Amino acid sequence: MTGSLIQFLLFLAVTGFAVYLFVRVVYHRYLYIRLGKSVNLKKEAKARLKEFAIQVFGQTKLLKDKKSGIMHIVIFYGFIILQLGALDLILKGLIGHGLPIPGYDYFTLMQEVTVALILLAMGYATYRRYVEKLKRLKRGWKPSIVIFFIFFLMLSVVVSGGFERVKEGMETSGFAPISSLFAAAFSGMSHTAATVGFYISWWMHLLILLSFLVYVPQSKHFHIITAPINILLRRTEPTGKLASLNLEDEEAESFGVGKIEDFTQKQMLDFYSCVECGRCTNVCPANTTGKMLSPMHLITKLRDHLTEKGAAITSKSPWVPAFAFANPNTQNPLEVELIGGVITEEELWACTTCRNCEDQCPVGNEHVDKIIDLRRHLVLTQGSMPHDGRRALQNIERQGNPWGISRNDRVKWVKEVDPDDELGVRMVKENPEFEYLFFLGSMGAYDNRSRKITHSFVKLMKEAGVSFAILGNEEKNSGDTPRRMGNEFLFQQLCADNIATFQKYKVQKIVTTCPHTYHTFKNEYPEFGLTADVFHHTELLDLWVKEGRLKPQHEVKERITYHDSCYLGRYNEVYEEPRNVLRAIPGVELVEQDRSRENSMCCGAGGGMMWMEETAGTRVNVARTEQLLSVKPTVISSACPYCLTMVEDGTKLKEAWEQVKARDIAEILALSVFGTP
């Protein structure tokens with residue numbers, strides 16, 4: 001009885017101390033997150049809980065990589081199942097018998113099968129990290145320590161079970177195959193020795209379990225706690241919508257994020273949710289072509305800086321543990337500049353805002369909004385921006401387009417493509433009863449190659465009997481480029497001007513051939529007062545073909561692969577409409593390549609990169625073109641003027657220009673409808 005009492009008191013002391021350490025660390029991570037700006041989350045409980053269930057219990061994001069996804073599912077559900085087993089084992093060590101579960105033999109079998117599956121999963125995890133040596137996975141003692149934790153934790157379960165069988169004189173059982181094998185190996189052991197062995201393995205199990213508990217919140221495995229919360233509290237605004245800045249705030253000393261505390265608390269929760277799986281970096285077009293940016297390292301560097309600075313700020317609190325500093329030997333975190341000291345400008349200007357990183361992230365982290373917030377500080381507060389980007393924004397501000405061409409030339413394309421007025425293109429003033437406002441955007445109005453897309457779409461609208469009008473020289477830049485490059489002031493100015501123009505002409509429907517304009521109007525302008533319906537031209541072309549208003553009749557004998565624009569696909573989930581149009585065209589052979597739909601690689605033009613020269617590594621558009629050429633197409637189709645330009649340049653650089661043409665969906669459909677593009 002005395003021994004049992006000592007055992008129980010030791011159990012309480014050790015467990016209590018471990019729980020105390022765990023709570024201390026978690027509490028301080030909470031305090032660090034509280035340093036950020038508060039954020040008002042929409043109360044959409046039903047939608048949040050549904051997505052929470054799908055992602056947390058369905059593990060849908062993890063299954064984007066099926067092998068590691070299945071491995072993680074085994075570990076995830078295995079640990080849930082083993083919680084009852086752990087409680088059962090603890091009770092056996094404290095009071096001499098386990099849980100009073102009906103069908104206990106089946107419970108034991110389930111526990112042992114689960115242990116075996118988890119050991120196999122950890123073996124595969126080790127194989128992927130150290131034999132396959134996947135580039136995205138870190139190696140070293142820190143990533144490996146959890147493998148050892150789990151391995152020895154599982155080992156302690158079966159060893160305890162084996163010693164228990166010897167101690168209690170149990171016979172070999174098919175309901176306990178692993179522990180029975182272990183017991184058979186030590187069948188000649190005395191009762192006393194078996195009892196000692198049982199308690200040694202019992203304490204080993206408990207100490208490993210509690211050590212893991214203390215370790216978790218100080219490592220990337222903190223995501224076990226934070227990731228479900230992060231998914232539950234995710235933003236429910238349209239995908240990729242950027243938060244607006246209050247530029248009227250006279251008390252604001254700076255704009256954007258210039259120090260870690262400028263991030264919101266939700267953004268900081270992202271930092272502690274990162275799994276360091278490397279999936280984001282693995283698909284990042286900047287990183288895979290040799291640029292400085294790694295989305296994973298961006299998050300982890302921000303996390304470590306927050307931990308160090310948070311610990312320094314709250315160091316007077318009696319709750320601060322000695323191990324709260326991520327690296328106490330580094331420079332005073334209070335003196336480290338966020339941009340320059342933690343994150344470099346080169347990293348920030350490498351991002352194409354494609355969101356492939358966010359699509360792949362299994363814990364719902366958002367990388368792009370953080371990069372844009374940091375860019376905003378550079379541009380609006382520090383006045384720092386690459387020369388090419390600054391020139392493009394100055395041209396947009398002065399002339400309404402990135403090239404600086406006269407704003408009065410925005411309507412010149414009409415006379416060039418329709419000198420005899422056969423298409424009947426009219427300004428809004430001339431056709432006040434129009435159904436659709438055709439918003440060309442700078443590319444569609446000024447760029448010679450993109451004008452061909454404009455021409456084809458106008459012909460198709462006329463054929464479909466659609467009443468449309470254009471703004472002509474009254475049209476201004478949508479503001480997508482300034483916003484993604486950090487100039488929120490210019491964006492809001494353009495936004496206000498465009499909405500005033502739309503209201504002036506009572507615009508109800510807007511169609512555009514540019515996915516960047518489409519996303520900005522559809523998902524970001526409504527916050528500022530836009531009420532019109534917004535369409536991408538492929539959505540309407542698909543509809544008009546289905547309705548019979550457009551009839552593809554001429555054969556187009558081409559092997560076509562379709563490149564998904566980031567802002568049309570990942571941002572707005574428009575995947576099938578462009579493909580439906582191609583499928584409706586007689587003679588077309590539609591072929592898919594590996595990086596398609598939600599995993600399509602960026603062309604390299606987004607985030608303002610269209611107007612800035614790449615100076616490091618391989619050109620993104622060349623790498624993307626190589627992927628598209630891998631399926632041996634005769635035509636590479638797209639539904640974005642930026643993408644078309646980048647892919648066309650790519651085919652020239654790869655010397656495939658003569659064999660493979662780049663065409664917009666509208667051009668290919670016009671070729672089938674009219675016999676000419």
Side-chain angles (χ1 to χ4, degrees), residues 14-15 18-19 21-22 25-26 56-57 59 62-63 65 67-90 93 107-134 136-163 176-179 181-182 200-228 272-279 362-363:
V14 172
T15 304
V19 170
L21 293 178
F22 170 79
V25 180
V26 172
V56 175
F57 296 106
Q59 304 274 290
L62 282 157
L63 286 170
D65 180 340
K67 292 180 180 179
S68 64
I70 292 171
M71 175 194 73
H72 196 277
I73 285 175
V74 170
I75 297 171
F76 176 79
Y77 280 103
F79 267 84
I80 292 175
I81 292 170
L82 289 178
Q83 296 313 302
L84 278 177
L87 179 59
D88 181 67
L89 179 57
I90 289 171
F107 169 73
T108 301
L109 178 61
M110 181 177 66
Q111 293 295 311
E112 296 215 354
V113 170
T114 302
V115 165
L117 288 174
I118 290 178
L119 286 173
L120 287 173
M122 295 314 299
Y124 182 62
T126 305
Y127 173 80
R128 281 170 69 84
R129 193 177 296 271
Y130 293 103
V131 179
E132 282 190 21
K133 294 184 177 179
L134 295 184
R136 66 181 177 85
L137 298 177
K138 292 181 178 180
R139 282 168 283 280
W141 74 269
K142 278 190 176 181
S144 303
I145 192 169
V146 172
I147 294 176
F148 287 110
F149 266 134
I150 295 176
F151 174 79
F152 285 110
L153 191 63
M154 297 301 102
L155 183 64
S156 67
V157 171
V158 296
V159 170
S160 297
F163 279 125
I178 303 175
S179 56
L181 283 174
F182 184 87
I200 289 174
S201 57
W202 184 88
W203 274 106
M204 182 176 78
H205 180 80
L206 180 65
L207 292 174
I208 293 172
L209 192 63
L210 295 177
S211 297
F212 194 33
L213 180 71
V214 176
Y215 175 73
V216 159
Q218 301 179 79
S219 70
K220 67 173 187 175
H221 298 279
F222 194 28
H223 77 268
I224 295 171
I225 300 168
T226 55
Y272 288 120
S273 298
C274 181
V275 192
E276 297 185 35
C277 62
R279 294 185 185 209
V363 295

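Please read all numbers here as calculations on a predicted model, not as lab measurements.
The aromatic rings of Phe222 and Tyr272 lie perpendicular to each other, with more than 60° between the two planes, well past the 30° mark.
In this structure, the side chains of Phe22 and Leu210 stay at 4.5 Å or more apart for every pair of heavy atoms. Between Met122 and Val74 there is no side-chain heavy-atom pair separated by less than 4.5 Å. Between Phe163 and Ile200 the shortest side-chain heavy-atom distance does not fall below 4.5 Å.
The minimum heavy-atom distance between Ser156 and His205, with the atom names listed, is OG-ND1, 2.8 Å. Nearest heavy atoms, Leu207 versus Val14: CD2-CG1, 3.8 Å. For the residue pair Arg128 and Ser68, the shortest heavy atom distance occurs at NH2-CB, 3.6 Å. Residues Val363 and Ser273 approach most closely at CG2-O, 3.3 Å, considering heavy atoms. Of all the heavy atoms in Pro362 and Val275, the pair that sits closest is CG-CG2, 4.4 Å. Scanning all heavy atoms of the two residues, the minimum distance from His221 to Val216 falls at O-CG1, 3.2 Å.
Atom CG of residue Leu213 and atom CZ of residue Phe149 lie 10.0 Å apart, to the nearest 0.5 angstrom. Rounding to the nearest 0.5 angstrom, the gap separating the CG atom in Asp88 from the OG1 atom in Thr108 is 7.0 Å. Distance CD/Gln111 to OG/Ser179: 11.0 Å, rounded to 0.5 Å. In this structure, CG in Leu119 is found 9.5 Å from CD1 in Ile150, a value given to the nearest 0.5 Å.
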May I have the step-by-step check of side-chain contact (heavy atoms from CB on, under 4.5 Å) for Val146 and Phe212, ending in yes or no? CA-CA 8 Å; Val146 172; Phe212 194 33; 4.1 Å; yes

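Residues meeting the side chain to side chain donor-acceptor pair (under 3.5 Å) test with Trp203, sequence neighbours left out: Gln7.
The number of heavy-atom neighbours closer than 6.0 Å to OH of Tyr130, taken from other residues, nucleotides and ligands shown, is above 12.
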